[in-house]
Amino acid sequence: MTVRVRFAPSPTGYLHIGGARTALYNYLYSKAIGGTFVLRIEDTDLERSKAEYEKLQIEDLQWLGIIHDEGPDKPGKFGPYRQSERLEIYAKYAQELIDKDLAYYDFSTEAELEAMKAKVTEEGGDPRYDGKWKDPKFNAEAKARIAAGEKAAIRFRAPEKDYTLNDIVKGKVVYPKDMVGDFVIVRSTGLPVYNYCCVVDDMLMEITHVIRGEDHLSNTVRQLMIYEALGAKVPEFAHVSLLIGADRQKLSKRHGATSVNLYRNENYLPEAMCNYLCLLGWSHPTEKDIFDKSELKDVFSLERFSTSPAMYDLEKLKWVNGQHIKKMDNAHLITLIAALPETTFFNKQTPEWKNAAVELLKNGHAHFISDFTRLINDMILKENLEMTDALKDILSWDTTPKIIEYISSQVNAMTTEFMTEVQMNGWMEHVKKEMGVKGKPLFMGVRATLTGQDHGPDLKFLIPLTPLSVIKKRVSQLKA
RNA sequence: GGUCCCAUCGUCUAGCCCGGUCUAGGACAUCGCCUUUUCACGGCGGUAACAGGGGUUCGAAUCCCCUUGGGACUACCA
């Protein structure tokens with residue numbers, strides 16, 4: 001039996017971080033076990049679903065490298081893969097359920113339902129359907145009214161018995177009888193509802209493993225009932241714990257940057273995103289924390305999910321992204337940087353310059369691709385100095401004016417575009433030997449003179465990357 | 001309210017299923033030291049957790065129960 005998994009987003013917005021994680025787990029599992037990964041679009045909520053979001057979500061999944069084998073854009077033999085295009089199928093099975101008296105028509109109006117709910121709640125019961133149409137004696141009347149063209153919702157007759165789920169991550173979950181009342185599977189508009197289409201589709205698409213968020217755990221009982229009514233085989237379920245924000249509540253828009261799109265726009269590395277997301281609720285058997293999806297083929301399993309929710313933490317994502325930058329080869333890095341905005345200076349430089357700059361900055365300085373341009377602008381191209389307290393402090397040392405005087409004359413005598421590492425070292429030697437300055441006053445004095453800052457990468461590598469014209473302007477400002 | 005789920009350092013987690021090797025390991029963050037004739041990078045080290053209470057057992061982070069706390073669900077949303 002081939003394993004078939006699916007990711008079934010609703011196109012009601014951008015791809016969410018939590019959705020991306022779920023999709024990733026499905027993808028990884030399908031790859032690890034040699035199965036098929038299906039993308040299904042759950043767009044039965046016509047009001048909120050938008051075709052453009054479907055497109056954007058697929059783009060984001062692709063960006064992350066979470067590639068599906070079947071989906072609306074990759075037809076397979078289980079299509080269509082968009083629920084809005086499967087309406088006849090749902091209608092057919094709904095009719096079957098009605099014929100078997102496992103479901104019934106409900107003509108209640110919204111106001112009636114509202115009143116009933118209020119009444120039941122007041123009496124201390126659960127707000128569940130307990131109305132007139134539940135009684136089988138109205139079946140005939142209902143059929144007649146439907147035949148006459150009247151609209152009605154279709155409600156599923158919830159069996160009054162316990163259900164048990166053996167969830168791969170949660171273990172045995174028992175749903176006591178009376179947990180849910182009869183629920184709607186088809187709206188009066190004729191559109192089917194999530195808990196119902198989900199089951200019909202998973203059955204027809206021969207899904208073997210449902211890996212999804214824990215927020216679906218309570219709903220699963222409804223789905224178990226429908227599987228049973230349909231006489232379908234129940235797939236394996238793996239309910240992964242939720243992603244939460246700093247307030248320990250389910251991660252949502254109000255927690256800030258929660259759509260994948262934002263990270264994509266900010267040039268986060270997709271492999272780093274996947275790496276980090278994967279670790280939120282799953283652990284590598286050897287506790288390895290930096291890896292690519294391809295390395296997971298042999299080790300990814302459903303047994304290593306943790307059961308408690310995981311907090312989404314930007315700090316660690318930043319670190320993971322930095323680690324991926326560090327291990328990425330320079331050529332690739334250069335391509336990524338070249339695609340960034342405001343890189344005219346960078347793109348004009350020689351291959352040697354680019355390589356040296358990337359090599360210098362990728363180790364420890366850059367956590368994000370955008371850091372490269374930021375660092376280049378701040379450390380290499382910035383002409384106008386900011387008189388920070390740290391800089392003022394260094395300028396107040398009595399050795400500093402001598403250093404500025406010396407370097408100023410050296411710099412102004414030069415006519416090349418860049419200076420070399422050898423020249424840089426020569427100046428250091430001179431200041432140290434001839435002027436008798438060493439240690440902190442030496443390094444900080446020279447750094448401040450040349451860069452106007454009190455920190456940064458190794459001078460002997462940084463300065464040969466800085467245009468001499470920029471250095472001249474900085475030095476003249478200090479001299480003045 | 002009801003039902004279900006969850007509970008190890010601030011955070012992500014290993015260990016839990018198959019009790020002893022756990023004076024609880026790793027990672028992020030944080031702090032300190034070393035190195036770098038400077039800051040950073042790097043290296044080394046520190047602070048920091050089994051929610052509480054009962055049981056079972058010679059022995060419990062690991063098994064059971066209760067309490068507390070948190071979360072999810074409870075729609076003609078998904």
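Every heavy atom of this structure was used, including side-chain atoms; hydrogens, water molecules and symmetry mates were not.
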Could you verify whether a donor N or O on one side chain and an acceptor N or O on the other, from [X] and [Y], lie under 3.5 Å apart?
X: A/Thr22; Y: A/Arg212; value: no
X: A/Lys362; Y: A/Asn330; value: yes
X: A/Arg86; Y: A/Thr44; value: no
X: A/Tyr81; Y: A/Asp201; value: no

Contact class for [X] vs. all strands (heavy atom < 4.0 Å): base, sugar-phosphate, or nothing?
X: A/Gly171; value: nothing
X: A/Asp458; value: base
X: A/Arg304; value: sugar-phosphate
X: A/Val320; value: nothing
X: A/Leu442; value: base
X: A/Met444; value: base

Salt bridge A/Asp371-A/Arg374, side-chain N to carboxylate O under 4.0 Å:
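Yes, this pair counts.
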Return yes if some donor-acceptor pair links the side-chain N/O of [X] with the main-chain N/O of [Y] below 3.5 Å, else return no.
X: A/Arg157; Y: A/Lys134; result: yes
X: A/Asn26; Y: A/Phe7; result: no
X: A/Arg474; Y: A/Lys382; result: yes

How many Å lie between [atom1] on [X] and [atom2] on [N], as a whole number?
X: A/Glu359; N: B/C41; atom1: CD; atom2: C1'; result: 12 Å
X: A/His255; N: B/U11; atom1: NE2; atom2: P; result: 15 Å
X: A/Asp371; N: B/C41; atom1: CG; atom2: P; result: 13 Å
X: A/Leu224; N: B/U3; atom1: CG; atom2: C1'; result: 15 Å
X: A/Trp319; N: B/C41; atom1: CH2; atom2: C1'; result: 15 Å
X: A/Leu375; N: B/A40; atom1: CG; atom2: P; result: 16 Å
X: A/His367; N: B/A40; atom1: NE2; atom2: P; result: 14 Å
X: A/Phe461; N: B/C41; atom1: CZ; atom2: P; result: 16 Å

Counting primed atoms plus P, OP1 and OP2 as sugar-phosphate and everything else as base, spell out the protein contacts along nucleotides 72-78 of chain B at 4.0 Å heavy-atom distance: B, S or - for each nucleotide, 5' to 3'.
BS-SBBB
Identified pairing partner of [N], criterion: Watson-Crick or G-U wobble below 3.5 Å:
N: B/U35; answer: none
N: B/A60; answer: none
N: B/C16; answer: none
N: B/G69; answer: B/C6
N: B/U74; answer: B/G1

NZ of A/Lys172: more than 12 outside heavy atoms within 6.0 angstrom?
no
Would you mind telling me which residue lines up with the more 5' stretch of RNA chain B, A/Gln323 or A/Arg21, judged by nearest nucleotide?
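First, find each residue's nearest nucleotide; the 5'-ward one identifies A/Arg21.
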Please compare A/Ile244 and A/Phe443 by the position of their nearest nucleotide in RNA chain B and report the one closer to 5'.
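It is A/Ile244 whose nearest nucleotide is closer to the 5' end.
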Looking at [options], which one has an atom nearest to any side-chain atom of [X]?
X: A/Ser308; options: B/C12, B/C41, B/C6; result: B/C6
X: A/His365; options: B/A7, B/A14, B/A40; result: B/A40
X: A/Thr307; options: B/G25, B/C6, B/A27; result: B/C6
X: A/Lys170; options: B/G15, B/C5, B/A27; result: B/C5

Roughly how far apart, to the nearest Å, are [N] and [M] at atom [atom1]?
N: B/G43; M: B/A60; atom1: P; value: 40 Å
N: B/U67; M: B/G19; atom1: P; value: 27 Å
N: B/U13; M: B/A24; atom1: C1'; value: 13 Å
N: B/U62; M: B/G15; atom1: C1'; value: 8 Å
N: B/C31; M: B/C41; atom1: P; value: 11 Å
N: B/C17; M: B/A61; atom1: C1'; value: 14 Å
N: B/G42; M: B/U35; atom1: C1'; value: 8 Å
N: B/A51; M: B/U11; atom1: P; value: 12 Å

[X] side chain near [Y] side chain, heavy-atom distance below 4.5 Å:
X: A/Tyr194; Y: A/His216; value: yes
X: A/Leu217; Y: A/Leu165; value: yes
X: A/Gln423; Y: A/Pro464; value: no

Would you tell me if any nitrogen or oxygen in the side chain of A/Lys326 comes within less than 4.0 Å of OP1 or OP2 on B/G42?
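The answer is yes; a side-chain N or O of A/Lys326 sits under 4.0 Å from OP1 or OP2.
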Using nucleotides 61-66 of chain B, report all nitrogen or oxygen pairs with the protein that are shorter than 3.5 Å.
none

If you take the centroid of each ring, where Trp contributes its six-membered ring, are A/Phe156 and A/Tyr196 closer together than 6.0 Å?
no
Whether the side chain of A/Lys316 and the base of B/A29 hold a donor-acceptor pair under 3.5 Å is what I'd like checked.
no
